[in-house]
Amino acid sequence: NRHTAGMGLLDDIIDGASSDGVSTTNLLRRVQTLAHRIDAPDLKDWVRAELQGYDADAVLPAYRGPFTTPVLGVYSGPFNSGGKNTVSPVGVPAEHLDLFRVGWRVSIAEIDSLAQATEEVVQPWDPHWVAMYNEWIDAGRVPRISMLYLYSAQKLISTAMLRSIVEAVRTKALELALDLQAANPAAGEVGGPTLSDPRVHSAVTNNTFHINGDGVSIAQGTNITQHSTVTKGDLSALLRALSAILEDQEPIGEVLQVVTSDAEPSVKRSRLESLGAAVRDGSIAVASGITADVAANRLLELAHQFLGW
């Protein structure tokens with residue numbers, strides 16, 4: 001028995017996160033035990049989401065995307081002409097650019113399994129979007145290849161992307177356990193300290209597993225602090241909060257335009273995700289002292305609060 005040899009739960013998590021012999025699912029179960037013993041509800045929610053998958057309306061942690069991914073299309077035309085070619089996102093309306101992105105809501109076990117796949121991992125487009133792309137071809141919005149139309153399309157998923165998600169989860173578990181061990185080695189033991197211990201609370205907060213309503217934003221660093229919330233419909237509060245994370249006024253205006261529009265919630269959500277992805281990949285500048293990933297998650301969190309989602 002490991003514990004009789006002086007090994008505690010934190011040691012188990014540290015060793016497990018560093019060992020290929022411990023699955024990510026089993027590692028998270030150890031973190032789940034830790035979360036219950038130190039009475040950390042936000043950590044419990046994070047582990048539950050990783051083990052069971054994220055809800056459809058949840059804001060994903062940055063390490064789960066959305067990521068830009070190539071799309072391979074099969075084109076067909078007259079006289080049996082056609083072939084395969086990359087589908088271009090040029091000209092595609094901003095609210096539909098998720099056709100060229102992928103975010104992962106499934107359980108970490110499923111992602112881990114896909115990461116080990118020997119065959120190519122793909123996500124086919126729904127035929128509706130294939131037909132829509134052909135309408136954009138006819139309208140001259142998107143590039144056209146000779147006289148060809150799109151017959152089918154699929155997102156190409158790299159196993160490196162999938163492995164990076166798994167490794168991000170394992171690294172977060174490792175860093176949390178190391179910080180807690182430095183704060184109080186008894187953390188995680190039966191009858192040990194809980195979040196009421198300032199050192200334990202600080203260690204968890206500095207790794208910031210912060211669950212807010214529909215979504216999750218996970219950041220790291222001792223300079224990260226809890227943010228004020230935006231009341232549903234409070235436009236001035238939303239403007240102030242966005243100004244604290246984004247450098248330029250133009251993207252702030254775009255966010256305000258989206259949340260105050262009469263568009264359907266699904267359309268608003270798609271547009272907000274596109275703006276978040278632009279922040280994450282550096283296309284939209286963020287304020288000093290904040291990382292792009294944190295700013296992207298914060299933007300989505302604020303918009304959700306304003307809309308009451």
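The first residue in the sequence is number 1, and the count goes up from there.
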Show me, pair by pair, the donor-acceptor contacts under 3.5 angstrom made by side chains of residues 17-27, not counting sequence neighbours?
from	atom 1	to	atom 2	distance (Å)
Ser18	OG	Ile14	O	2.9
Ser19	OG	Gly21	N	3.0
Ser23	OG	Asn26	N	3.1
Ser23	OG	Asn26	ND2	3.3
Thr24	OG1	Arg170	NH1	3.0
Asn26	OD1	Arg29	NH1	2.8

Which atom of Ala203 lies closest to which atom of Leu176, heavy atoms considered: O-CD1, 4.3 Å
All N/O donor-acceptor pairs, side-chain side in residues 92-104, below 3.5 Å, sequence neighbours left out:
from	atom 1	to	atom 2	distance (Å)
Asp98	OD1	Arg101	NH1	3.4
Arg101	NH1	Ser274	OG	3.1

Atom of Arg280, atom of Ala62 and distance for their closest heavy-atom approach: NE-CB, 3.6 Å
Do Leu178 and Leu195 sit in one hydrophobic cluster, given that two such residues count as connected whenever their side-chain heavy atoms are within less than 4.5 Å of each other, even indirectly? no
If only side-chain N and O atoms count, and only distance matters, is there a donor-acceptor pair under 3.5 Å linking Asp281 with Ser283? yes
If we only count heavy atoms from C-beta on, is the Thr171 to Tyr63 side-chain gap below 4.5 Å? no
Same cluster for Val267 and Leu275 if Ile/Leu/Val/Met/Phe/Trp/Tyr side chains link at under 4.5 Å? no
Surrounding CD of Gln123 (heavy atoms of other residues, nucleotides or ligands, distance under 6.0 Å), is the total greater than 12? yes
State, to 0.1 Å, how close Val259 and Leu307 come at their nearest heavy-atom pair, and which atoms those are. O-CD2, 3.4 Å
Does a side-chain heavy-atom distance below 4.5 Å link Arg141 with Glu135? no
Could you pull out the closest heavy-atom pair between Pro193 and Asn184, with the gap in Å? CG-ND2, 3.4 Å
Under the side chain to side chain contact (heavy atoms under 4.5 Å, CB included) test, residues paired with Asp126 that sit two or more places apart: His128, Trp129
Any residue meeting salt bridge (charged side-chain N to carboxylate O under 4.0 Å, His left out) with Arg163, in chain and number order, not counting sequence neighbours: none
Calculate, to the nearest 0.5 Å, the distance between atoms CG and CD belonging to Asp112 and Glu167 respectively. 9.0 Å
Holding to side chain to side chain contact (heavy atoms under 4.5 Å, CB included), I want the full list of residues that pass it with Leu10, two or more places apart in sequence or in another chain. Leu34, Ala177, Leu180, Gln181, Ala187
Could you work out, with side chain to side chain donor-acceptor pair (under 3.5 Å) as the rule, every residue matching Ser113, not counting sequence neighbours? none
When the side chains of residues 239-256 are checked against the rest of the protein, which donor-acceptor pairs come out under 3.5 Å, sequence neighbours left out?
from	atom 1	to	atom 2	distance (Å)
Ser243	OG	Leu239	O	2.8

With Arg199 via side chain to side chain donor-acceptor pair (under 3.5 Å) - residues at least two apart: Asp197
Here the gap from Asp11 atom CG to Arg30 atom CZ, rounded to the nearest 0.5 Å, amounts to 11.0 Å
Which is it for Asp42 and Trp46 under the side-chain contact (heavy atoms from CB on, under 4.5 Å) test, yes or no, and what are the steps along the way? CA-CA 6 Å; Asp42 288 348; Trp46 175 71; over 6 Å; no
Nearest 0.5 Å, what's the CG-CG distance between Asp179 and Leu174? 9.5 Å
What residues form a side chain to side chain donor-acceptor pair (under 3.5 Å) with Ser196, not counting sequence neighbours? Thr194
Rounded to the nearest 0.5 Å, what's the gap from CD on Glu120 to CD on Gln154? Could you check? 6.5 Å
Roughly how far, to the nearest 0.5 Å, is the CH2 atom of Trp309 from the CD atom of Gln305? 13.0 Å
What's the shortest heavy-atom distance between Leu114 and Thr159, and which atoms? O-CG2, 4.1 Å
Can you name the closest pair of heavy atoms from Arg105 and Arg64 and give their distance? C-NH1, 3.8 Å
Mind listing the side-chain donor-acceptor pairs of residues 142-152 below 3.5 Å, one per line with the distance, residues two or more places apart or on another chain?
from	atom 1	to	atom 2	distance (Å)
Arg144	NH2	Tyr149	OH	3.0
Tyr149	OH	Asp138	OD1	2.4

Determine all donor-acceptor pairs shorter than 3.5 Å in which one atom belongs to a side chain in residues 68-89; sequence neighbours excluded.
from	atom 1	to	atom 2	distance (Å)
Thr69	OG1	Leu156	O	2.5
Ser81	OG	Pro78	O	2.7
Ser88	OG	Val90	N	3.1

Electrostatic pair Arg298-Glu301, nearest N-O below 4.0 angstrom: yes
For His201, enumerate each residue passing the side chain to side chain donor-acceptor pair (under 3.5 Å) test, keeping only those at least two apart in sequence or located in another chain. Thr205
Give, for atom OG of Ser107 and atom CZ of Arg48, the distance between the pair rounded to the nearest 0.5 Å. 15.0 Å
